[in-house]
Amino acid sequence: HLVNGARSLIRTLVAAGVDTCFMTPGTSEMHFVAALDDVPDMRGVLALFEGVATGAADGYARMRGTPAAVLLHLGPGLGNGLANLHNPRKARVPVVVIVGDHALPHLQYDAPLTSDIETVARNVSPGWVHRSTTTVDLGRDAAAAVAASMGPPPQVATLILPADVSWTDGGVDGELTVPKARAAVDPDVIERLARVIRSGEPTALFLGGVALGERGLRAAGRLADAAGVKLMAETFPTRIERGAGLHEPTRLSYLGDFAVMQLQPYRHLILADATSPVSFFAYPGKDSDLVPSTCEVHELAAPSAGLDVVAALEQLADAIGAPPAVDAPAGAVPERPTGALTAQTMAAAVA
C-alpha cells in the first residue's frame with residue numbers, strides 16, 4: 001500500500017492553490033483516495049455520477065476564480081462527465097481533470113475498461129493533455145497541469161494517471177510556475193476605439209469572460225454613463241459580478257431573430273473578451289452571423305489573445321474622459337420578507 005506518487009500529486013495541487021477535488025473514483029484511483037488521508041489540506045468531494053463531479057468542478061472554479069480539480073475513472077468515466085467539461089471548455093474556466101488509467105504493464109491486455117483516453121480528452125481539453133509515465137515526474141506533471149489550466153486563456157487541462165504511477169514510491173512534489181501575466185492591449189487600439197465612441201454613433205460594448213467581473217463592469221459602466229455606450233453580455237456568460245453600483249449588462253438573446261433585433265440599432269460593436277455573436281444553430285435562409293451588415297465589429301481583446309481586457313476597458317474609459325467610478329454606498333440588510341416567494345424575496349431572505 002504505497003501511495004507516495006499519489007501523495008506527491010495531491011501535495012503539489014494543494015501548494016498550487018487547488019485544495020478541493022470533486023471525484024467519482026474507481027479501482028484505479030483508490031491510491032489517490034487513500035492518499036487523501038495523508039494530505040488533510042485537500043478536500044475530497046464525492047459524487048455518485050461523473051456528470052455531477054465535472055459540473056461541480058466547473059461551477060466551483062467559476063465562482064472561486066481559481067482552478068478546481070476533478071478525479072474520474074478511466075476513459076468511460078471521462079466519457080460520462082464529458083458534457084459538463086464541454087461547458088468550462090467553451091467558457092474558458094480553469095479545471096484540472098485527473099483521469100485514472102490502468103497500470104502501464106496492464107494496458108497490453110486490453111482489459112474491459114481500456115480505452116484511448118487521450119482522444120476522448122482532446123474533445124474538451126484540446127490545449128493540454130498529458131499522461132504521466134513515471135512517479136518521480138508526477139508532481140511536476142501536476143504543477144504543469146495547474147499552470148496550463150490557468151492560461152491565459154484559462155482552459156481544461158487533463159492529466160492521465162496510471163495506477164502504478166500513483167501507487168509507486170518515490171514521488172517528488174512539483175512547483176507551480178507562475179503563469180504569464182496578461183499582455184497589455186496596443187495603445188493604438190485603445191485610441192482607435194476611443195474615436196469610435198467619441199463619434200457619437202450608436203455603440204454597444206459586448207462583454208464576456210473576465211470583463212464581466214467587478215473591475216471590468218466598473219470600467220464599462222464609466223463608458224455607459226459618460227458616452228451612452230450600450231452594455232451587452234454573452235448569452236451564457238462564464239460569470240457576472242453583481243452588487244451595488246455595478247451596471248447590469250443586457251444579455252444577448254438566445255434566439256437568433258431576437259438577437260439581430262437587439263443589435264440592429266448599433267453602428268459599432270466592441271468586443272471585450274467575447275467573440276462576435278453567431279447563431280447557436282443554422283436555419284434555412286438565415287445568416288449564422290448575427291451582427292447586421294450595418295454594424296461594424298471592433299475587437300478590444302479576443303478571448304484567446306491573453307490580453308489584459310480589464311485594464312484596456314479602464315484605459316478606454318480614461319481615453320474618452322469618463323469620470324472615475326464612484327463607490328456605491330453599502331447596502332443595508334433588508335427586512336425579513338413576507339408574502340409571495342419571488343426572486344426578490346428569496347434574495348432578501350438569503351441576505
Side-chain angles (χ1 to χ4, degrees), residues 1-3 5-7 9-10 12-13 18 20-36 42-62 67-91 93-135 137-138 141-142 144-146 148-149 155-168:
H1 180 77
L2 299 172
V3 295
R7 189 184 300 121
L9 165 61
I10 296 171
T12 299
L13 292 174
V18 182
T20 301
C21 184
F22 302 90
M23 58 183 70
T24 308
T27 303
S28 52
E29 295 77 48
M30 285 301 102
H31 315 287
F32 183 106
V33 174
L36 288 173
M42 174 62 79
R43 176 188 177 208
V45 181
L46 179 67
L48 301 185
F49 173 63
E50 292 88 350
V52 174
T54 53
D58 176 22
Y60 190 80
R62 291 183 194 227
V70 58
L71 178 71
L72 302 172
H73 183 44
L74 304 168
L78 174 61
N80 283 344
L82 213 61
N84 279 336
L85 289 174
H86 174 86
N87 294 338
R89 178 205 167 186
K90 288 295 186 180
V93 178
V95 177
V96 176
V97 182
I98 303 165
V99 185
D101 198 7
H102 293 296
L104 293 171
H106 192 68
L107 288 172
Q108 62 182 309
Y109 298 107
D110 195 23
L113 290 180
T114 303
S115 64
D116 183 354
I117 298 175
E118 283 88 348
T119 296
V120 177
R122 286 192 184 97
N123 286 278
V124 293
S125 188
W128 201 92
V129 178
H130 180 76
R131 175 183 291 270
S132 288
T133 56
T134 60
T135 300
D137 291 330
L138 181 54
D141 293 343
V146 176
S149 76
Q155 62 179 325
V156 176
T158 301
L159 178 64
I160 302 170
L161 177 63
D164 55 334
V165 174
S166 183
W167 78 50
T168 301

Working to the nearest 0.5 angstrom, can you tell me the gap between Leu9 CG and His31 NE2?
13.0 Å
Atom CG of Leu107 and atom OG1 of Thr114: how far apart are they, to the nearest 0.5 Å?
6.0 Å
Main-chain N/O of Gln155 paired to Ser149 side chain as donor or acceptor, under 3.5 Å
no
Between CG of Leu13 and OG1 of Thr20, what distance do you get to the nearest 0.5 Å?
11.0 Å
Taking the side chain as every heavy atom from C-beta outward, state whether Leu85 and Leu78 have any atom pair closer than 4.5 Å.
yes
List the residues meeting side-chain hydrogen bond (donor to acceptor under 3.5 Å, both in side chains) with Ser28, not counting sequence neighbours, and say none if there are none.
His73
Exercise: identify the closest heavy-atom pair between Gly51 and Asn84:
O-ND2, 2.8 Å
Quick one: closest heavy-atom pair of Ala53 and Phe22, and the distance?
O-CB, 3.7 Å
Quick one: list whatever passes salt bridge (Lys or Arg N to Asp or Glu O under 4.0 Å) with Asp164, sequence neighbours left out.
none
Residues passing the side-chain hydrogen bond (donor to acceptor under 3.5 Å, both in side chains) test with His130, sequence neighbours excluded, are Asp141
So CG of Leu138 and OG1 of Thr133: to nearest 0.5 Å the spacing works out to 10.0 Å
Grab the two heavy atoms, one from Pro25 and one from Leu46, that are nearest each other, plus how far apart they are.
CD-CD1, 3.8 Å
Exercise: identify the closest heavy-atom pair between Ala142 and Thr12
CB-CG2, 4.0 Å
Is the backbone of Val120 close enough, under 3.5 Å, to the side chain of Asn123 for a donor and an acceptor to pair up by distance?
yes
One should read off an interatomic distance between Leu159 CG and Leu71 CG, to the nearest 0.5 angstrom, of 10.5 Å
Give the minimum heavy-atom separation between Ser132 and Val165, together with the two atoms involved.
O-CG2, 3.8 Å
Pairs meeting criterion salt bridge (Lys or Arg N to Asp or Glu O under 4.0 Å) with involvement of residues 111-128, two or more places apart
Glu118-Arg131
What's the separation between atom CG in Leu82 and atom CG in Leu72, rounded to the nearest 0.5 Å?
9.5 Å
Could you tell me which residues satisfy side-chain hydrogen bond (donor to acceptor under 3.5 Å, both in side chains) with Ser125, sequence neighbours excluded, listed by chain and number?
Thr158
Is there side-chain contact between Thr54 and Val97, with at least one heavy-atom pair below 4.5 Å?
no
Qualifying residues under ring-ring contact (aromatic ring centres under 6.0 Å, His included), relative to His106, sequence neighbours excluded:
His102, Tyr109
Asp101 versus Ile117, closest heavy-atom pair with distance:
CG-CD1, 3.5 Å
Under the side-chain contact (heavy atoms from CB on, under 4.5 Å) rule, what do Ser115 and Leu74 come out as? Steps first, then yes or no, please.
CA-CA 8 Å; Ser115 64; Leu74 304 168; 5.7 Å; no
